[in-house]
Structures are given as structure tokens and as C-alpha cells.
Number of protein chains: 2
Amino acid sequence: MTQVHCTRAQTAVLQLLRQQREPISAQALYTLIKQQQRIGLATVYRALDALKRMGRVQHRVTLTGETLYNAVEQDRHYMTCLDCGQSFPLNTCPLKGLASSLQHSSSFTIYYHTLEFFGLCEPCSVQGG
Amino acid sequence: MTQVHCTRAQTAVLQLLRQQREPISAQALYTLIKQQQRIGLATVYRALDALKRMGRVQHRVTLTGETLYNAVEQDRHYMTCLDCGQSFPLNTCPLKGLASSLQHSSSFTIYYHTLEFFGLCEPCSVQGG
DNA sequence: CTTAGGAATGATAATCATTATCATAACGGG
DNA sequence: CCCGTTATGATAATGATTATCATTCCTAAG
Ligand SMILES: [Mn+2]
Ligand SMILES: [Mn+2]
Ligand SMILES: [Zn+2]
Ligand SMILES: [Zn+2]
């Protein structure tokens, strides 16, 4: 049977994620947790994957290929510059209040969504042309 | 100065992308183009990156870490199962008609957006619990 | 037409985040 | 306390993407 309780690693990961203001990578998370308890990098990845399937943690992938994680409670989104890679947070989720769109299919249980805008920031837009 | 014309590779990539019904990976694109002309894998990646910065091609990253590309004209989005990895296309873009939200910052030029829902599909939801 | 500088290309090696392995440790019911 | 099951940590392997670098292609000046 699938586990009933969160494992030690899952608990540590989820607690730390909830303290973060911004999404964080698995490796950075690993470094943080190691300061408190003995843990392996693989275990961090396993915990993140499990928490994701439980709908408690969500992920997004940066332009550099890193996957960042955050607690699902945080509904943050960004505009990311394709040139310099900088990400600018949005004030609010554009999907807020779109309950209609969220229930496209009753046969699919939605845990979270990712939404990101890509383009050029002011400085890069000027020079890059 | 930055190039004025599309390179041979960029032309080939963009043309092929426009023929695809679904987003496609760089490697798959490489295989397709090779059937028509001599080309290197690195060049495909370079062309995709350039087209992305021009706002002509957009990308998304799958759960397996593959990056898929498609022409920006195609405004497709998906619901993806965190368990089996299957992606189910949405009929329409939930952001359609949200021009207000799209102009958060006049200092950022938006080329495209990614929006994806994650959760569990029917079958996986039943068994996985 | 010829030439020189810069951009594009292809083959290949290197990178690096993530996964797979596997032996060991922790857990939990009986 | 005992045994089968699950979790863990150390480490090797994977694989998509990047970095290199020598070569080819373009283009505009001479
Ligand atoms: Mn949101
Ligand atoms: Mn859309
Ligand atoms: Zn920028
Ligand atoms: Zn599924």
C-alpha cells in the first residue's frame, strides 16, 4: 500500500519549502536540509517527486534547465527575459477567478498550474533589438 | 550587428515547426531536417534559441526534462498527469481575451506564455490514490 | 573578380542536473 | 524480538543541452 505518513525527508522538504519566499532548486534545498539532518541528494529528489504527486509541491523549469520547487499554496508567476534570463514576478495570478476554465475535464484532478510569460526586459529590448 | 536575415538553419527549423501539429523536441527536429539537408545537432539548438529570442518560437519542458518547441502561432496548452506523464490538450487557451493581464508592465515585451495544468488523470487517480 | 573579416556550421567533447543502483538502515505489525 | 517492507545515502550512470574549435559560407570593400 502507498504510505500513509510523510517520511522524514518529505517532512523536512515541505517545511523548508514553506519557509522560502521564492521557488528553490533541489540542490539548494539539499544544502539547506543538510545543515539540520543527515540526508542524501537522491532522497531530496525522491521527496520532491512524492510531494508533487500528492499535490503539495509544484515545480517550474528555468531557462537554464534547473527545476525549481515551491509549496502549492504559493501561487506565483513570472515574466522571464529570453536574453538575460532575469525573472520578474507578477503581482497576481492572471488565472485567479477563472474557475470555469479550471474545470475543463471532470476526469482530471488538477493539483496546480504553471504560467509564465517570456519576452525581453526593457534593457535587453533596447540593446538587443 | 545582429543578423538581418534568417540563417539557413533557422529557415528550415521554422518551416518544419509550422508543419507540426504538436510541439517537438530539438532532437526529433534534427532527425527530420537531416532528411532534407546536411545539418548538425548544435545548429538546430542554435537556431531554436535564436528563433525564441525573435519571438517566433516558444518552448515548454516536459516532466522527463525534454524541451519541446512550437511556432508561437500555435497557442496550445495541456493538462499533464504527474503519475503517467500523459498530456491532454486543452480546447482553448484560458488566457484568451485577458489582454488586461497581459500588459502588466509596459517595460517588458511579451513574446509568448506557457500555461500548463498538473495533476492526476482518471486512471492514475483511481489506482494511485 | 578577388580578398579579408565576420558569422554560421558541423563534429565532437564537456557539462551538469537528474536517475538508477544497490547495499544498509529504519519501520511496523504480529 | 523477528521478518518483510519501505526509506535512505553514497555513488555510478544517464542524457539532453552547451561549449569548443577548426572549417565553410557570406558579404561588402577594394
Ligand atoms: Mn496561478
Ligand atoms: Mn495561451
Ligand atoms: Zn533581459
Ligand atoms: Zn495518469
Side-chain angles (χ1 to χ4, degrees), chain A residues 1-16 23-54 57-70 80 82-85 118 128-129, chain B residues 1-16 23-54 57-70 80 82-85 118 128-129:
Chain A
M1 176 192 294
T2 312
Q3 91 218 338
V4 175
H5 301 88
C6 272
T7 67
R8 183 161 43 105
Q10 285 165 21
T11 303
V13 164
L14 189 54
Q15 181 193 306
L16 263 181
I24 184 179
S25 72
Q27 313 244 7
L29 213 43
Y30 168 60
T31 302
L32 282 181
I33 300 180
K34 248 194 321 189
Q35 298 175 358
Q36 307 181 322
Q37 66 187 244
R38 183 164 184 269
I39 198 172
L41 178 57
T43 301
V44 173
Y45 278 105
R46 281 188 285 242
L48 285 168
D49 186 61
L51 290 168
K52 221 169 55 179
R53 292 162 187 267
M54 294 182 217
V57 162
Q58 74 168 268
H59 80 285
R60 86 183 170 101
V61 181
T62 69
L63 287 181
T64 64
E66 257 191 339
T67 301
L68 303 183
Y69 301 85
N70 65 277
T80 298
L82 292 167
D83 199 57
C84 66
F118 293 93
Chain B
M1 173 190 294
T2 313
Q3 89 217 338
V4 174
H5 301 89
C6 272
T7 67
R8 184 162 42 107
Q10 286 164 21
T11 304
V13 164
L14 190 53
Q15 181 192 306
L16 263 181
I24 183 179
S25 73
Q27 313 244 6
L29 212 42
Y30 168 61
T31 302
L32 283 181
I33 300 179
K34 248 193 322 189
Q35 298 174 357
Q36 307 180 323
Q37 65 188 243
R38 185 164 184 268
I39 197 171
L41 178 57
T43 300
V44 174
Y45 277 105
R46 282 187 285 244
L48 284 169
D49 186 62
L51 290 168
K52 220 169 54 179
R53 292 162 187 267
M54 295 181 217
V57 162
Q58 73 169 268
H59 81 283
R60 85 182 172 101
V61 181
T62 69
L63 286 181
T64 64
E66 257 190 339
T67 301
L68 303 183
Y69 302 85
N70 64 278
T80 298
L82 292 167
D83 199 57
C84 65
F118 293 93

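Just so it is clear, the structure is predicted and the values come from calculations on it, not from any experiment. Chain A is the first sequence line, chain B the second, and so forth, proteins listed ahead of strands; every chain is numbered from 1. In what follows, every heavy atom counts, from backbone to side chain, and hydrogens, waters and symmetry copies are set aside.
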Original post:
How many Å lie between CD1 on A/I24 and C1' on C/dA17, as a whole number?
Top reply: 15 Å

Original post:
Think A/T67 has a side-chain N or O under 4.0 angstrom from the OP1 or OP2 of C/dT18?
Top reply: yes

Original post:
So do B/H59 and A/L63 actually touch side chain to side chain, heavy atoms under 4.5 Å?
Top reply: yes

Original post:
Rounded to whole angstrom units, what separation is found between the OH atom of A/Y30 and the P atom of D/dT11?
Top reply: 10 Å

Subject >> Nucleotide C/dT19, atom P - distance to CG of A/L48 in whole Å >> reply: 10 Å

**OP:** Give the rounded distance in Å between these two atoms: NE2 of B/H5 and P of D/dT27.
**Re:** 7 Å

Original post:
Shortest non-hydrogen contact from B/L82 to A/K52?
Top reply: CD1-O, 3.2 Å

Original post:
Can you tell me how far the CG atom of B/L51 sits from the CG atom of B/L14, to the nearest 0.5 Å?
Top reply: 5.5 Å

Original post:
Given side chains that start at C-beta, do those of B/F118 and A/R53 come closer than 4.5 Å, heavy atoms only?
Top reply: no

Original post:
Of all the choices, C/dA8, D/dA16, D/dA7, which nucleotide is nearest to the side chain of B/E66 once you look at every atom?
Top reply: D/dA16

**OP:** Would you kindly compare A/L68 and B/A9 by the position of their nearest DNA chain C nucleotide and give the one closer to the 5′ end?
**Re:** B/A9

Original post:
Nearest-Å distance, CD (A/Q27) to C1' (C/dT15)?
Top reply: 13 Å

**OP:** Could you tell me the separation between the CG atom of A/L63 and the C1' atom of D/dT17, rounded to a whole number of Å?
**Re:** 13 Å

**OP:** Write down the atom of B/A28, the atom of B/S25, and the distance for their closest heavy-atom approach.
**Re:** N-OG, 3.1 Å

Subject >> Test item: A/L48 and A/T67 side chains (from C-beta on) under 4.5 Å apart, heavy atoms >> reply: no

**OP:** Please list, by residue number, the residues of residues 38-47 of chain A whose heavy atoms come closer than 4.0 Å to an atom of DNA chain C; answer none if no residue qualifies.
**Re:** A/L41, A/A42, A/Y45, A/R46

Original post:
Rounding to a whole Å, what distance do you find between A/Q10:CD and C/dA26:C1'?
Top reply: 15 Å

Original post:
Got A/L32 and A/I24 here, is their nearest side-chain heavy-atom distance under 4.5 Å?
Top reply: yes

Subject >> Nucleotide C/dA25, atom P - distance to CZ of A/R8 in whole Å >> reply: 13 Å

